[in-house]
Amino acid sequence: MRLRVEFTTEPFDLDEAPEHAVVARDVIQAAELDAVDVGPFGNTAEGGADAVLTAVDALLRRSLAAGATRVSLQVNVIGEGER
């Protein structure tokens with residue numbers, strides 16, 4: 001099964017990426033995922049279910065520890081050919 005995760009961390013800072021946002025992006029970029037897209041207002045990544053769920057666990061734990069006060073995420077099951 002393939003999953004797509006979309007997430008944001010808060011609080012926002014338009015002048016400089018807060019530590020929790022940098023940590024969240026680092027977690028996703030280091031995970032064994034494909035189709036990773038990080039941006040200032042939202043981030044997405046796709047991969048196998050185990051890899052995505054492992055990355056989401058690390059994302060939540062590490063970004064909250066780095067000061068995030070809210071993490072919004074959505075996980076969708078996607079078809080093998082869907083992008």
Side-chain angles (χ1 to χ4, degrees):
M1 172 187 325
R2 286 185 54 78
L3 300 176
R4 177 183 298 129
V5 61
E6 301 175 47
F7 68 92
T8 58
T9 61
E10 296 178 38
F12 293 114
D13 183 340
L14 296 177
D15 294 327
E16 182 177 325
E19 181 182 357
H20 59 80
V22 173
V23 166
R25 289 183 203 141
D26 288 348
V27 167
I28 291 299
Q29 290 177 325
E32 295 182 18
L33 302 172
D34 48 70
V36 173
D37 182 24
V38 296
F41 300 108
N43 308 282
T44 61
E46 297 177 8
D50 287 339
V52 170
L53 295 174
T54 297
V56 166
D57 177 66
L59 164 75
L60 290 171
R61 293 176 189 277
R62 293 187 52 203
S63 62
L64 291 169
T69 58
R70 177 180 178 145
V71 179
S72 301
L73 65 90
Q74 180 174 330
V75 177
N76 294 301
V77 175
I78 56 174
E80 287 299 324
E82 186 180 341
R83 292 262 169 170

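Atoms considered below: every heavy atom in the structure, side chains included; atoms not considered: hydrogens, waters and symmetry mates.
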Pairing of D37 and R4 as salt bridge, 4.0 angstrom limit: no
Separation of L3 CG from N76 CG (nearest 0.5 Å): 8.5 Å
Shortest non-hydrogen contact from A45 toward L33: CB-CD1, 3.8 Å
Donor-acceptor contacts, no H, no angles, side chain residues 51-73, under 3.5 Å, sequence neighbours left out:
from : atom 1 : to  : atom 2 : distance (Å)
T54  : OG1    : D50 : O      : 2.9
D57  : OD1    : R61 : NE     : 2.8
D57  : OD1    : R61 : NH2    : 3.4
D57  : OD2    : R61 : NE     : 3.3
S63  : OG     : L59 : O      : 2.6
T69  : OG1    : E10 : O      : 3.4
R70  : NE     : S72 : OG     : 3.3

Distance (rounded to the nearest 0.5 Å) between H20 NE2 and F12 CZ: 8.5 Å
ILVMFWY cluster, V75 and V38 together (side-chain gap under 4.5 Å): yes
Greater than 12 external heavy atoms within 6.0 Å of E32's CD: no
Closest non-hydrogen atom pair, A17 against V22: CB-CG2, 3.9 Å
Closest non-hydrogen atom pair between G48 and R2, with its separation: N-NH1, 4.4 Å
